Amino acid sequence: MTNVYKLFFILLFIVVISSCQTQKEDVITVIFDTDMESDVDDVGALAMLHALADNNEIKILSVISCAKNPWSIVCADRINNYFNRGDIPLGQLNKPGVDRESKYAQQIATEFPGSIESSNDAFDAVELYRKTLASQPDNSVTIITVGYLTNLRDLLSSNSDKYSKLSGRDLVKQKVRKWICMGGMFPEGREANIRWDTDASIEVVENWPSEIVFSGWEIGNLDTGDDIRNLPDSSPIKRAYELYGRIPHKSWDQVATLYAIKSYEGENSSSYWKLSELGRIVIDKNDGSNTWEDDENGSHRYLIQIGSDNDIASEINALMMHIPNQ
Ligand SMILES: [Ca+2]
């Protein structure tokens, strides 16, 4: 081989390696914060994340429960394990918070195998947030919240620890690239994730150090999961939906999750939703209802649906029906 050819192959090798590295950096890294208890759409959203991870589009950094229900995080673990990701770090809200019943969480935890026996085996929620964020490059992490904002409130007010010298707020400012919040109703209304822990919601939205995108109740109010009974019996997704007893069902958490990932693609996401003008969500401290104020100096936006329910639902359905890679 002549030196010219050698040089060519060396250069080709460098190009291939650097493009692989670029691709790796392009993988969206996600923290999923969920109340996997009162409604079952959290289960559908987590299934979607695993499908996207199997497609190498994302990496699930951690799954954190904002619910006091002790079975919620164990249920999430069973889903992770079903998709061959039983090693995803799990976080549990240990401080005071919202405690609600579940029609499926304990059954899923009991009937399916996984990596933890109880919520006591999970990290403390704030500790895991801090550990996860501290380990990631600056401005890289996408947080998807599909439940109460209790953990984020506790994260913002956290102090330096063995993972980072930064305060919670500064850690968020340095590491978080995007926060998509399933919460609120726009331009006004009263929605569960915001109102169940109203105090936490107010504190978070007023103190979050960067932009927040809200995926409101009104754009998640579309049905998905029509074919979920066709999943194999080994699927905790199918079982959870059957236990919940509504098939198809609304898709608040799936819509927020789909936007969170697709928003990195630019044009595709804009065919489904557009962003509101800058402004701020204003939460009533008495009943947790919210209104919206346009303000060019604000740091909040909400999603406005411009695509069809059918197009959005079919993309969500395809991801929810994903079978784990072997
Ligand atoms: Ca939820």
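Because the structure is a prediction, the values reported are computed rather than measured. Read the numbers this way: they start at 1 and go in the same order the structure lists the ligands and their atoms.
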Residue set satisfying side-chain hydrogen bond (donor to acceptor under 3.5 Å, both in side chains) with Asp35, at least two apart, ordered chain then number -> Tyr148
In plain terms, say whether Asp199 and Lys285 are close enough for a salt bridge, that is, a side-chain N and a carboxylate O under 4.0 Å apart.
no
Is the side chain of Arg169 donor-acceptor paired with the backbone N or O of Ser158 at a distance under 3.5 Å, no angle test?
no
Note on the Ca ion (ligand 1): protein N/O/S atoms within less than 3.0 Å are Asp35 OD1, Asp42 OD1, Asp42 OD2, Val146 O, Asp253 OD2
- Query: Which is it for Glu37 and Tyr104 under the side-chain hydrogen bond (donor to acceptor under 3.5 Å, both in side chains) test, yes or no, and what are the steps along the way?
  - Reply: CA-CA 7 Å; Glu37 20 88 306; Tyr104 62 85; over 6 Å; no
Those residues at least two apart in sequence (or on a different chain) that pass side-chain hydrogen bond (donor to acceptor under 3.5 Å, both in side chains) with Thr198 are none
Sequence neighbours excluded, the answer for ring pair (Phe, Tyr, Trp, His ring centres under 6.0 Å) partners of Phe186 is Phe214, Trp292, Tyr302
